[in-house]
Amino acid sequence: MEILNNRKQENEHITEICKDIYRIQIPLNGSSLGTINSYMIRGGDRNLLIDTGYRAKPCIETIQSSLSLLGVRPEKTDILLTHFHNDHSGAATDLIHPWRKIYVPAQEYQFFGIGDDPKVYTESRRPRYLKEGLSDEEFEKMMYITLPGSKGPDFFAGQFSPVDDRQTFAAGDYTLTAIHTPGHTPGHMCYWDEAHGLMFTGDHILFDISPNIIPWPGIPNILGLYLYSLQKLQNYPAAIALPGHRQPGSLSARIDDQIRHHKQRLNECESLVKLYPDKTALEITRLLSWKIRRPRGTRGIPLPLLRYAFGECLCHLDYLRFQKKIEQTFSGGFYRYR
């Protein structure tokens with residue numbers, strides 16, 4: 001099929017990917033990501049909107065104006081989420097028409113507490129994070145930093161419907177199949193259109209930045225699941241991968257890049273643990289090499305980014321423990337590695 005990913009519409013936010021599929025670049029004010037890619041699949045009796053941006057006025061207005069320009073009617077539009085992070089799901093409950101549904105990967109219900117206090121899943125991390133080297137004060141500052149206008153959806157809205165692996169969604173000439181790809185979140189889904197070779201990757205595959213992988217309570221080796229999910233997608237002959245952020249690209253080549261990146265990080269973690277035994281995960285995080293833009297005159301990892309670096313380091317340590325390449329001990333109130 002012909003890919004038209006450089007054809008801009010009248011609205012500066014819209015790019016036509018191919019017939020009846022449009023990328024809408026939604027501003028994420030205050031976020032280093034800049035924008036999120038929402039995708040509109042325009043059908044006859046049913047449209048599908050994949051991901052939405054924050055529950056914030058700039059996001060909501062960008063989508064509403066873009067859909068209006070495309071002639072898309074809300075009463076014929078369902079929302080399909082790749083995962084439940086705020087930048088992908090936040091505006092969903094404000095955009096959805098009362099007659100339509102918001103489809104959420106089934107496992108996201110368990111971890112994000114839909115219908116519960118959204119702080120539940122954040123607080124579930126506290127016991128482990130404190131034993132890995134953080135103080136209560138550091139946890140509060142790191143986990144509860146909130147960007148202006150970065151709100152999530154209304155967790156108590158009643159229009160959520162779970163998505164299971166291999167479930168299908170039809171809109172116009174396209175039929176999407178949900179593919180469970182845990183890693184970035186436990187329930188993350190990619191959506192595959194076999195007939196046209198299109199893979200909507202959410203945050204499972206990104207180009208020029210790497211998806212953040214952090215620990216999840218009850219999942220002992222989330223990095224192992226992520227690497228397995230990457231290898232699983234190698235079996236799909238995608239003509240193009242359509243990510244949740246930045247530009248589209250080659251699925252197979254990027255999977256190879258990501259697997260290589262994590263192998264290098266695992267080797268670095270293992271070397272540091274052997275070189276500096278009995279360090280905490282927080283100490284190891286600060287020893288690792290990171291490509292970070294720091295404010296001029298500062299050193300170390302800025303607190304807003306430490307959340308992601310620390311979580312990713314924990315995942316690599318968990319993977320190495322699972323492979324029996326390092327050991328975890330407990331002394332002085334903290335887990336230590338050797």
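Along the sequence shown, the residues carry numbers beginning at 1. Both backbone and side-chain heavy atoms feed into the values below; hydrogens, waters and symmetry mates do not.
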[X], [Y]: one ILVMFWY side-chain cluster at the under-4.5 Å cut-off?
X	Y	result
Leu288	Tyr308	no
Phe334	Phe310	no
Phe207	Ile259	yes
Trp99	Val72	no
Leu33	Leu81	yes

Shortest non-hydrogen contact from [X] toward [Y]:
X	Y	answer
Pro215	Cys315	N-SG, 3.3 Å
Asp94	Arg55	OD1-NE, 2.7 Å
His184	Tyr226	N-CD1, 4.3 Å
Thr52	Ala91	OG1-N, 3.2 Å
Leu233	Cys190	CD1-SG, 4.0 Å
Pro27	His13	CD-CE1, 4.3 Å

When you check the gap from the basic side-chain N to the acidic O, do [X] and [Y] get nearer than 4.0 Å?
X	Y	answer
Asp78	Arg100	yes
Arg336	Asp278	no
Arg128	Glu132	yes
Lys141	Glu138	no

Does a side-chain heavy-atom distance below 4.5 Å link Ile205 with Met199?
no

Hey, are the side chains of Arg338 and Ile326 touching, using non-hydrogen atoms and a 4.5 Å cut-off?
no

[Y] versus [X], side-chain donor and acceptor atoms under 3.5 Å:
X	Y	result
His180	Gln107	yes
Gln328	Tyr335	no
Thr93	Gln159	no
Asp256	Gln234	yes

Would you say that more than 12 heavy atoms from the other residues, nucleotides or ligands in this model lie under 6.0 Å from the [atom1] of [X], or not?
X	atom1	answer
Glu327	CD	no
Lys274	NZ	yes
Asp208	CG	yes
Glu75	CD	yes
Glu194	CD	no

Ring centres under 6.0 angstrom apart ([X], [Y]):
X	Y	value
Phe160	Phe84	yes
His88	His188	no
Tyr319	His262	no
Tyr22	Tyr39	no

Keeping the roles fixed (side chain from [X], backbone from [Y]), state whether a donor-acceptor pair exists under 3.5 Å.
X	Y	result
Asp193	Thr175	yes
Ser31	Leu28	no
Glu283	Thr280	yes
His245	Thr35	yes
Ser161	Lys101	no
Arg46	Ala170	yes
Arg254	Leu206	yes
Ser68	Gln64	no

List the steps and the verdict of side-chain hydrogen bond (donor to acceptor under 3.5 Å, both in side chains) for Thr177 and Gln167.
CA-CA 6 Å; Thr177 300; Gln167 187 171 339; over 6 Å; no

Does the cation-pi check pass for Arg125 over Trp216, that is, NZ or CZ under 6.0 Å from the six-membered ring centre and within 45° of its axis?
yes

Honestly, is Arg265 close enough over Trp290, meaning NZ or CZ under 6.0 Å from the six-membered ring centre and within 45° of the axis?
yes

Using side-chain contact (heavy atoms from CB on, under 4.5 Å), reason through Thr82 and Asp203 one step at a time and then give a plain yes or no.
CA-CA 8 Å; Thr82 58; Asp203 280 359; over 6 Å; no

Please determine whether salt bridge (charged side-chain N to carboxylate O under 4.0 Å, His left out) holds for the pair Arg42 and Glu16, giving the CA-CA distance in whole Å, both sets of side-chain angles, and the decisive distance to 0.1 Å.
CA-CA 11 Å; Arg42 195 167 57 181; Glu16 185 178 8; over 6 Å; no

Mind checking what makes ring-ring contact (aromatic ring centres under 6.0 Å, His included) contact with Phe169, not counting sequence neighbours?
Tyr103

Verify ring-ring contact (aromatic ring centres under 6.0 Å, His included) between His196 and Tyr174, making sure each step is shown before the conclusion.
CA-CA 8 Å; His196 302 93; Tyr174 301 91; 4.4 Å; yes

Can you tell me how far [atom2] of [Y] sits from [atom1] of [X], rounded to the nearest 0.5 angstrom?
X	Y	atom1	atom2	answer
Gln323	Asn221	CD	CG	7.0 Å
Lys279	Leu317	NZ	CG	14.0 Å
Thr77	Asn47	OG1	CG	4.0 Å
Leu227	Leu266	CG	CG	7.0 Å
Leu95	Cys59	CG	SG	9.5 Å

Verdict with reasoning, His83 to His204, per ring-ring contact (aromatic ring centres under 6.0 Å, His included):
CA-CA 10 Å; His83 60 296; His204 187 64; over 10 Å; no

Report the C-alpha distance between Ser38 and Asp51 in whole Å, list the side-chain angles of each, state the deciding distance to 0.1 Å, and finish with yes or no for side-chain hydrogen bond (donor to acceptor under 3.5 Å, both in side chains).
CA-CA 5 Å; Ser38 180; Asp51 292 342; over 6 Å; no

